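One structure below.
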Protein chains: 2
Amino acid sequence: MPLMGCARVSAVPDEVDRPGSPRWWSARLGAAQPTAGRGRPPVPLERIVDAALALVDEVGAQEFSMRALAERLGSSTATLYRRVSGKDEILTYVADRLLGEVTAIGRARGPVPTWEAAVIAGAEVLFEVLRAHPKAVVLFLGHVPAGPNALRGRESALRALLAGGLSPELAALTYTAVARYVIGFGLQLSEEALTAQATADDLRTLYRSLDPERFPATVSVADVLPQSLAEEFQFGLGLLVDGVRRLRDGQPG
Amino acid sequence: MPLMGCARVSAVPDEVDRPGSPRWWSARLGAAQPTAGRGRPPVPLERIVDAALALVDEVGAQEFSMRALAERLGSSTATLYRRVSGKDEILTYVADRLLGEVTAIGRARGPVPTWEAAVIAGAEVLFEVLRAHPKAVVLFLGHVPAGPNALRGRESALRALLAGGLSPELAALTYTAVARYVIGFGLQLSEEALTAQATADDLRTLYRSLDPERFPATVSVADVLPQSLAEEFQFGLGLLVDGVRRLRDGQPG
DNA sequence: ACCTGAACACCGTTCAAGT
DNA sequence: ACCTGAACACCGTTCAAGT
């Protein structure tokens, strides 16, 4: 509460209605046209979000700036503030757009035979999309996704679980745990995805260089470290789905 | 690769030796005294890291600034740059210090009877520490922790797994998958931990307000949503550990 | 030897002034 | 009605100048 004056700081207090929060989305989803003003908007919101995603993919969320986005759109920052409330709002739209990609890919691949296959397919498609946009994953930090694409994706996933015979309680727990699991792993992709192999090799080298007296266990597993985050991801995902299946089969009713 | 001139930007290219990478830590761990210069340093690194953690806890990693840190230390930013290479390096030390807290708490609580209990206890202590420093969790983004406290923690965890009869392969997979799982969930704590209940309530309200024709599954689970991230965390952690146990028991040898 | 004020090149956001 | 240059209050990092 010192440091007043700068809008970046003074915007922090009212957290609950910050772009991306459930309440914030709720207000926006209720409105007929999110950005309808008096005249027709010359730069549609969609173009802004397209450009923003491209910019994040290129330079990263950290280096993303309103100035750079305005330049890419051949406009000025002040013009952007006529369409959106600020940087946070734009990035919230970018996150929901990624979830739209997930839906599109899932639909393109067609139906799956069982609820287990649906969970695994959904988790893997989301993970793929996050891997394709490693610099954008941090946009999911601190939000439960609640935009239109998030809602549609959740609905179809929950339908598959309920149709598979899971109780509402187990379906809700499974959905949220798996979604968190995928995003949690995705967050760790970060920008390192590009240099993942280098990181894995460096880690192995570091472990091997340790004093075997003090670090015997670490040294002994240096040669069998998982090769990639994707491998760790698959391993845990399989365990989660197996565990849910056992719970379902032991479930009353 | 435009935008030259500002050090923040020009520092990005050589990713591999950025503070926190395995190679970067490896160089530092080899050096006798990390910051030994000619005279005795008047502001020990430990004081800087203490102050930095306190500052991150208070204002968040996003608002953390070298100016604010210098002011808290009664010094100037230029003085900080005599002890560390920059903001990234300080935040890397802060992350490793949190892992030190994990070790200290684990030690204080004493030994556990089985490898399963060790995994669960370790995961829960780490999760508790992350929950106690929700604004600091983002410091784990994009790094495999490789500082001194990270190495010690990994060693003792791997020892417990190997002693429990897991093969080196299964021990390595289990350790990395569980560590990623905990940090992944921890990352989603973010600053929302403070308003978690509000978020959960908002989500429930949002789900209930949806059109039951279009979102029947979502509406039907609105009343049984998990109450907290901690609940989702426990659920998944239990499934993971059960799954590993079954793999261990079916493991050759 | 150690420290620091002031500078440089950036931010997000706003608003008076233009068309 | 719509747009924007210029301003304001911040950043991380560096370096000449002080003690």
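Predicted, not measured: the structure shown is a model, and the values here were computed from it. All chains are named by letter (A, B, ...) in the order of the sequence lines, taking the proteins before the strands, and each is independently numbered beginning at 1.
Every residue two or more places apart in sequence or in another chain that forms a side chain to side chain contact (heavy atoms under 4.5 Å, CB included) with A:A230 is listed here: A:F127, A:R131, A:S228. The side chain to side chain contact (heavy atoms under 4.5 Å, CB included) test applied to A:S76 returns A:A78, A:T79, not counting sequence neighbours. Annotation: side chain to side chain contact (heavy atoms under 4.5 Å, CB included) contacts of A:A95 (sequence neighbours excluded): A:L139, A:F140. Not counting sequence neighbours, the partners of B:F185 by the ring-ring contact (aromatic ring centres under 6.0 Å, His included) test are B:Y181, B:F233. In this view, B:V102 and B:V125, B:L126, B:V129 satisfy the side chain to side chain contact (heavy atoms under 4.5 Å, CB included) rule, not counting sequence neighbours. Under the rule for a salt bridge (charged side-chain N to carboxylate O under 4.0 Å, His left out), A:R152 has no partner lying at least two apart in sequence or in another chain. Shown here are the salt bridge (charged side-chain N to carboxylate O under 4.0 Å, His left out) partners of A:E128, two or more places apart in sequence or in another chain: A:R109. Taking the salt bridge (charged side-chain N to carboxylate O under 4.0 Å, His left out) definition, one finds that B:R67 meets it with nothing, sequence neighbours left out. By the salt bridge (charged side-chain N to carboxylate O under 4.0 Å, His left out) test, A:R72 is found to be paired with A:E58, residues two or more places apart in sequence or in another chain being considered.
If you measure from atom CD of B:E89 to atom P of D:dT13, you get 11 Å, rounded to the nearest angstrom. Look at CG on A:L69: it is 12 Å from P on C:dT13, rounded to the nearest Å. Per the geometry, OH belonging to A:Y81 stands 12 Å off P belonging to C:dC15, to the nearest Å. In this entry the distance linking CZ of A:F64 with P of D:dC11 reads 21 Å, nearest Å. Atom NZ of A:K87 is separated from atom P of C:dT14 by 14 Å (rounded to the nearest Å). Taking atom CD on A:Q62 and atom P on C:dC10, their separation rounds to 16 Å, with Å as the unit. In this structure, B:L80 atom CG and D:dC11 atom C1' are separated by 15 Å, rounded to whole Å. When rounded to the nearest whole Å, the span between CE of B:M66 and P of C:dC8 equals 21 Å.
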Verdict with reasoning, B:L187 to A:Q188, per side chain to side chain contact (heavy atoms under 4.5 Å, CB included): CA-CA 9 Å; B:L187 283 167; A:Q188 295 170 78; 4.1 Å; yes
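Annotated stems with DNA chain C as a participant read C:4-8 with D:12-16, C:12-16 with D:4-8, given as range with range, by first number; only runs of 3 or more Watson-Crick or G-U pairs under 3.5 Å qualify.
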Table of protein N/O atoms under 3.5 Å from nucleotides 17-19 of chain C N/O atoms:
none

Under 3.5 Å between N/O atoms: give me all the protein pairs with nucleotides 4-6 of chain D, atom names plus distance.
residue, atom, partner, partner atom, Å
D:dT4, OP2, A:S75, OG, 3.3
D:dT4, OP2, A:T79, OG1, 2.6

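Here the CG-CD1 distance, from A:L53 to A:I48, works out to 14.0 Å after rounding to the nearest 0.5 Å.
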